Every structure is written in structure tokens, then in C-alpha cells.
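Written below as C-alpha cells is the structure these notes are about.
Lettering follows sequence order; numbering is per chain, from 1. Every value quoted in this text rests on a predicted model; they were computed, and no experiment measured them.
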Amino acid sequence: MNKSADIALTLPDGSVRTYPGPVTGSTLASDIGPGLAKAAIVIMVNGEQWDLSRAIEQNSDVAIITNRDDDALEILRHDAAHILAEAVQELFPEVQVTIGPAIDNGFYYDFARPTPFTTDDLVIIEQRMVEIIERDEDIIRSEMDRDAAVKFFQDMGEAYKAELIAAIPEGQAITLYRQGDFIDLCRGPHLPSTGRLGKDCFKLMKVAGAYWRGDSNNEMLQRIYGTAWRTKKELKAYLTRLEEAEKRDHRKLGIQMKLFHFQEEAAGMPFWHPNGWTIYQQIETYMRRKQKQYGYQEINTPQMVDRVLWEKSGHADKFNEHMFTVESDNRTYALKPMNCPCHVQVFNRGIVSYRDLPLRLAEFGSCHRYEPSGALHGLMRVRSFVQDDAHIFCSEDQITDECITFCKMLLEVYKDFGFEDVKVKFSDRPEIRAGNDDVWDKAEAALIAAVNSSGLDYSLNPGEGAFYGPKLEFVLTDAIGRDWQCGTFQVDYVLPERLDAHYIGTDNDKHRPVMLHRAILGSFERFIGILIEEHAGRFPMWLAPTQVVVTGITSEQDDYVRSVYEQLTTQGLRAEMDLRSEKINYKVREHSHAKTPAIFVVGAREEKENTVTVRRLGSKQQQTLDLTDAISNLTLESLAPDQR
RNA sequence: GCCGCUGUAGCUCAGUGGUAGAGCGCGUCAUUGGUAAUGACGAGGUCGGAAGUUCAAUUCUUCCCAGCGGCACCA
């Protein structure tokens, strides 16, 4: 039996529907049921997303994607971008459109326009988008030859679109999508019509500048960001989430909790206040213990060294713009932007035998980098910072073991600070780099082998390595969902060569060590910033600037409050006492707002019985304990995780 | 660095072409109250900096600085 004209569509459940000729996704969906027809967004045809209106002409495996599928959101957002572009072109005909993809949580569209959009414009544009959704315009797919498409867009005055299409290989068919009078180059797929985006499920968020094709040599376009969701409820939930995240912003909490501040005279360089510095010191002490445990030796090197050293190391070439310099003694000194060259100097002063390797030199190294003004961001991106830096000098065959041990140490540290979710990226050779390809081949292969044996999942980050070697990046996420690189592990064959490091091998000959650059926190500043957001300012006991406040119900208990306070501080606890003649409600409220983890309240009863009533942050429950028990409980809880 | 927005008391913010106001915080006094705000009084500001327009600028204009949102950058 030959029924070749028939088209058989196999659904995910294995059932087959047969049609006498080409059939569209919409037809299929309607045949299955009206509910599905309404919910359908696109159709998967042999693993590819197709528009519902596109005719399927061959036997295929198909699956209808509805707005419940995850893929649907991306399509929805992409549609929202097109509707945005249509609205802008209607309102501002002189504007040229460029690109507008879906992104996490929403979409954007880049426009070329001599004058930027204002926030008032956004309101008007948003209204027009609602109108376009209400018009429920069909979104129609069509194909065009590349050269015809270039001409088509040129004639329309859309130079950017024409440029994009011209970059597509010749002879390839271009897909275009039309909705109303708006027509755009687009891979698709799209929803069947503009009415499928809920008019109360999206919101324009902000305007921003963005370079054409992401290149800072190009002109700046006007980008409009928006968010879009399946339902109004989802949109609202997202906006609420944003608000909540803003409350955790380390810059806000840093001021509220008196942790640190910045000021004009030292842009990007934090002033640490007692509270913030207490946290910093706890972390430093912890890291010092941890490094000792893992066989590191701590050193300290100068804040600035003669430019000559940076020229030898290659930093002057690759890093010049980012170094602060000081003229003195007829020399040019550069504030160190990294510690590595200094560490090599320390290595070079010892006659090191292969028996001494791996040699692990650690420094809480204070660095300065001239970061572009626009890059500064609270504690996350600063111009002066301290790295928990270390360099492991080792032989080639020790790289793998060192990497595995390092990953273990890093995960332990992150866990102790409450971070279980760590992204790992592998970055290979960048375009501008030192060292020849053989060296890079070797370094990349060694690092890949090492990360594989440490069993971590990682993603590839092509071309993002350091100029001297490939690296692993360990990334944590802040409250607003921005990723920040903290830890790093870099294999470096180049610097030992440039700075002439060597050790004596078993053969009594000189050998070049490999240098492994590594950091776990990255910078104390950034790490603390992330820590603040992670805990929303409610630090665990071992990190909290003030661990406990002692206060009395009335001033009758002042002497007892003093005595409790003395005993707490004698135990090494970070205690405060509050002897103000305020009501207990007021004092509890204030210390709760200050995010102090424990409050010891004492009244006449407690004084008589030598007890304290403990109130813990986040709980309304009170617990009266013997003073000695309360103190020993707190002492135990105050231990760092590695000391418990 | 680029585009846009913002910059007023310690903090959060209102306001005006005729040299400023609130709440919290701070100080003093009163109050001694059992777990998220007791009351009264008081101190505190060259309105980010410089120039210009004006009889008069915190307010309008220009430049600079810093912060915020993006972009680029993050060795």
C-alpha cells in the first residue's frame, strides 16, 4: 500500500495522526482539542521549534508546546520584544530597529535613535504595546532570499538589519516575521498572534545604553528592557522577588549595619567600620587556619614595586591601563595589581630542591587596580581589595593532585560559609596572551585533566583565560542574580619563565616549576559582599559583629547586666550591654533591627536566680537559662565551623 | 570609558528663582516600663564641587566629581 501523499504525525504518546496533505500545527492542535488549540504556542517538529502556522509536509515526530512548557516562556518573551519594537516604530517612525532577544526573566530590544528614550516614553510605549496585543495581529512567517532581504531592509531605511542580514552566508533563505505593519528579520518561532501575550503579564523595566554588536568601538544604541510572564500572578511574584532582593543589597545593609562606607575621595575603596572589620577579621583568621591545615606558608610582600618588575612579568604590557603608579626616587612604582610577581621573588631567593615542591606561598595580598569608573559596584567591584592569594610552585606531574586538593579545600570553605551552590567555569586561551601554543596546549590539558579527576561539573568559557594561563573560575551569585567570580585556579607556565624561577631536580639540573595561581574567596571585599546578601545581614554567630546584647528590664538590674557582660567578654564573646533607660520593647526592637543574633534580657527574677532570658533573632520565643549554661551554649555556637 | 538618571542633616527622603523642612538617629531632662517605637526640649545643613545667567541660584545653564541602572571592561 502506497499512501505517500499522506502525512503521518507521531505524537509524544506514540499515537499517529494522518493527514491527506500538508498540515499546520494549529490544525493538528484544533483536531486534538479546542483547549489545546488555545494553549498551543509552537510545535516541535523532529526536535525543531516550528510556528503553528507553518505547514508540515513530511512524516514527522511532533509535540505541541503549550504555555505550560518552559520553552514557552522564551518564545513569549521573544514575542514581547517584537511587540515592543512594533510599538516603538509606530510611535517613533525615525527609529531603526536592531536586535531584541529573550533573556532571563524577560527581553530587551536595541534601537538606533539620535535621542535616548525617557522614562516617560516607556509609559507611552507600554500603552501602545497593550494596544498591539488587543489588536491581536497575526504573526506571519515568510522566507526571502538573502540579497533580496538586504535590499528590502535597506529600502526601508533599516541599515542595521541590512547589515545583520548581509553577514548571513549568501544564498541562504532568510526568515521574516510580520505583524501588522512591522516586519523583522528573525529566526522564530513566534506565537500565532500578538494577542497571545497577556496585556497585564509584561512590564517595561528600564532604558540603558548598549553598544551595537556589543563592541565599545561602535555607536551606542538605546536598549529597552522588559519582563514578561505567562500570567499576571507570575509577573507580580517576579516584581516582589526583585523588591526582596533589593532589601538584601549589601550596599544598603552595609550602611544600615555600619559595616563599611565609600566616599568620593576614594572611589571604589572601602572604609571598613568596626562592625565590618570584625567580620573581615573572623574570615581572615578562619582562612589562616584553613591554609595552615592545607600546607600553605604565609608571606607578605610590598604594596608597590618598580615598574621594571611589571615589565619583566608582562603586566606592564597587558595590564598597564589598570595600574596605579607612583613617581618617587626617579623611579616609577606601580601599586601591585596582583601578588604573583612578588611571590616569584620570594621563591627565587631560596635554593629550592624538588624535595621542597610543591611549595605553597600564601598572602592576604592588598591589591589596587584602576577599574573603569562604570565598573565599580559596592564591594563587588572595587579598586582596592585584599585577595586570599596563594601560588603553588610545583612540578608538572603535581598539577593534578594540587588541583584536586584545592577543589576539596575550596568546597569545604564555601560550605562553612553556607554556599552549596557553586558554578565552575573553565576558561581557555584568550586572544591576547603570553607564551606559545605548545605551552598553552600543555597547561589546558593539565587543567582539564585535573578538574575531571576532581569530579566537578563545569561549563566552558572559551577565550576567557588569564593572559598567562588557563583557569578555573568558581562563581557565586548575589541577591539580584548577578554572578561574581570568587575562587580561581590557574595553571601558569609563563611567569616562572619570564621571572626565571627554577628548582633543582633529582638529576641535579635546573628545572622550571609550574606556578598555580589560586584563590578561594577571591577578594575579601567581594566575598563579604556576597556573604551579606546571602544571609540578608543576619550573620551566623561566628561571624556576627555583635553576638549578644545584654540589657535589663529596669535600671535596678544595671549591676547584674554589667556582671553578665563581663562574663561574656571574658569568654571571648563579642557582647554589648544596653543600659539606656528605654523600655524593653524599644530595646528589643532596636537590637532586632540591628540583626544581633542573641539578646539576653534580665529582670529582677533573673538577677535573683542568676539566670538570663534569651531571645534569638527571628524568634519571639524566650528561654530562661542558667547564666553559665547560656554562656557555654553561646561559646559553643560561636566557634567557626571548622573548630566545632 | 560610553548612554541615561540621581546627588538636600549621620540615615531615609520632601521642597522652593527671594539663602531650607520631615521622620528616624544624636544630646539633655523626665520616665523604671517583662520582649519589635514613653514623652518633652534641643543641637545639627556653604542644598556634591566650580563657573555662568540673574537685582537675587539649593532651584536655570555649562563643566567636573561621585552614586545608581545598563553596555563595554573584569588581566
Side-chain angles (χ1 to χ4, degrees), chain A residues 108 110 113 115-119 121-122 205-225 246 249 251-252 255-256 258 261-268 313-323 337-338 340 367 369-378 380-383 427 430 432-434 464-469 471 473 480 482 484-485 488 490 517 522-523 526 551-558 580-594 599-606 613-622 624:
Chain A
Y108 68 78
D110 284 348
R113 183 179 189 232
T115 50
F117 295 105
T118 64
T119 37
D121 291 337
L122 280 195
M205 303 296 282
K206 54 200 170 195
V207 285
Y211 296 109
W212 166 233
R213 298 192 141 180
D215 185 338
S216 60
N217 296 315
N218 289 342
E219 64 272 34
M220 187 153 271
L221 307 172
Q222 302 304 322
R223 175 171 299 180
I224 297 179
Y225 281 97
E246 265 173 47
D249 191 318
R251 293 165 298 185
K252 271 195 178 143
I255 294 171
Q256 274 169 27
K258 302 184 170 69
H261 86 267
F262 290 94
Q263 65 188 51
E264 266 191 48
E265 291 82 351
S313 70
H315 288 82
D317 263 3
K318 308 287 188 292
F319 214 68
N320 201 20
E321 303 296 298
H322 300 276
M323 294 201 285
M338 291 179 174
C340 18
C367 295
R369 297 180 187 177
Y370 181 79
E371 300 287 357
S373 58
L376 301 178
H377 183 91
M380 304 300 198
R381 190 80 183 269
V382 284
R383 285 177 173 166
S427 301
I432 301 174
R433 59 179 180 265
E464 295 296 321
F467 73 79
Y468 47 71
K471 61 180 180 179
E473 292 174 34
I480 319 166
R482 291 189 264 218
W484 298 97
Q485 183 194 316
T488 184
Q490 308 170 0
H517 306 238
S523 84
R526 177 176 291 182
T551 192
I553 299 289
T554 77
S555 54
E556 294 291 309
Q557 290 88 45
D558 282 3
R580 292 175 302 172
S581 65
E582 298 290 350
K583 288 186 178 175
I584 191 62
N585 289 299
Y586 179 88
K587 292 190 282 194
V588 164
R589 179 173 198 269
E590 194 164 86
H591 296 119
S592 299
H593 277 164
I599 305 175
F600 284 6
V601 177
V602 298
R605 208 166 55 231
E606 284 85 355
T613 297
V614 181
R615 180 183 168 124
R616 297 297 305 255
L617 182 63
S619 165
K620 290 193 175 180
Q621 282 187 346
Q622 301 160 39
T624 304

Which nucleotides of RNA chain B pair, in dot-bracket form (Watson-Crick or G-U under 3.5 Å, | meaning another strand): (((((((..((((....[..)))).(((((.......))))).....(((((..]....))))))))))))....
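Within 4.0 Å of A:Lys471, counting heavy atoms only, lie sugar-phosphate atoms of the nucleic acid but no base atom. The residue A:Tyr370 sits close only to the backbone: its heavy atoms come under 4.0 Å of sugar-phosphate atoms, none of a base. Using a 4.0 Å heavy-atom distance criterion, A:Lys206 is classed as a sugar-phosphate-only contact. Here A:His315 lies out of heavy-atom contact (under 4.0 Å) with every strand. Counting any heavy atom pair closer than 4.0 Å across all strands shown, A:Tyr108 reaches no nucleic acid atom. Contacts of A:Pro116 with the nucleic acid, taken as non-hydrogen atoms under 4.0 Å apart, involve only primed sugar atoms and P, OP1 or OP2.
The phosphate of B:C68 (OP1 or OP2) has a side-chain N or O of A:Arg251 nearer than 4.0 angstrom. Taking side-chain N and O atoms only, A:Tyr211 has no distance below 4.0 Å to OP1 or OP2 of B:G1.
Among B:G70, B:A72, B:G69, the nucleotide with an atom closest to any side-chain atom of A:Met220 is B:G70.
You'll find the side chain of A:Ser373 reaches within 4.5 Å of the side chain of A:Arg383, heavy atoms only. Using a 4.5 Å heavy-atom threshold, the side chains of A:Glu606 and A:Thr613 count as touching.
Residue-environment remark: CD (A:Glu556) stays at or below the threshold of 12 foreign heavy atoms within 6.0 Å. Sparse packing is recorded around CD of A:Gln621, with 12 or fewer heavy atoms of other residues, nucleotides or ligands lying under 6.0 Å away. Environment of CD in A:Glu321: sparse, with no more than 12 heavy atoms of neighbouring residues, nucleotides or ligands closer than 6.0 Å.
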Salt bridge (charged side-chain N to carboxylate O under 4.0 Å, His left out) assessment of A:Arg251 paired with A:Asp249: CA-CA 5 Å; A:Arg251 293 165 298 185; A:Asp249 191 318; 2.5 Å; yes
Nucleotide-resolved protein contact map, nucleotides 6-13 of chain B, B/S/- at heavy-atom distance under 4.0 Å: -B------
Protein-to-nucleotide contact annotation, 5' to 3' order, nucleotides 28-40 of chain B [B base; S sugar-phosphate only; - none; under 4.0 Å, heavy atom]: ---BBBBBBBB--
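Between B:C47 and B:G4, the distance separating the two C1' atoms is 24 Å to the nearest Å.
Side-chain atoms of A:Arg381 and base atoms of B:C74 include a donor and an acceptor less than 3.5 Å apart.
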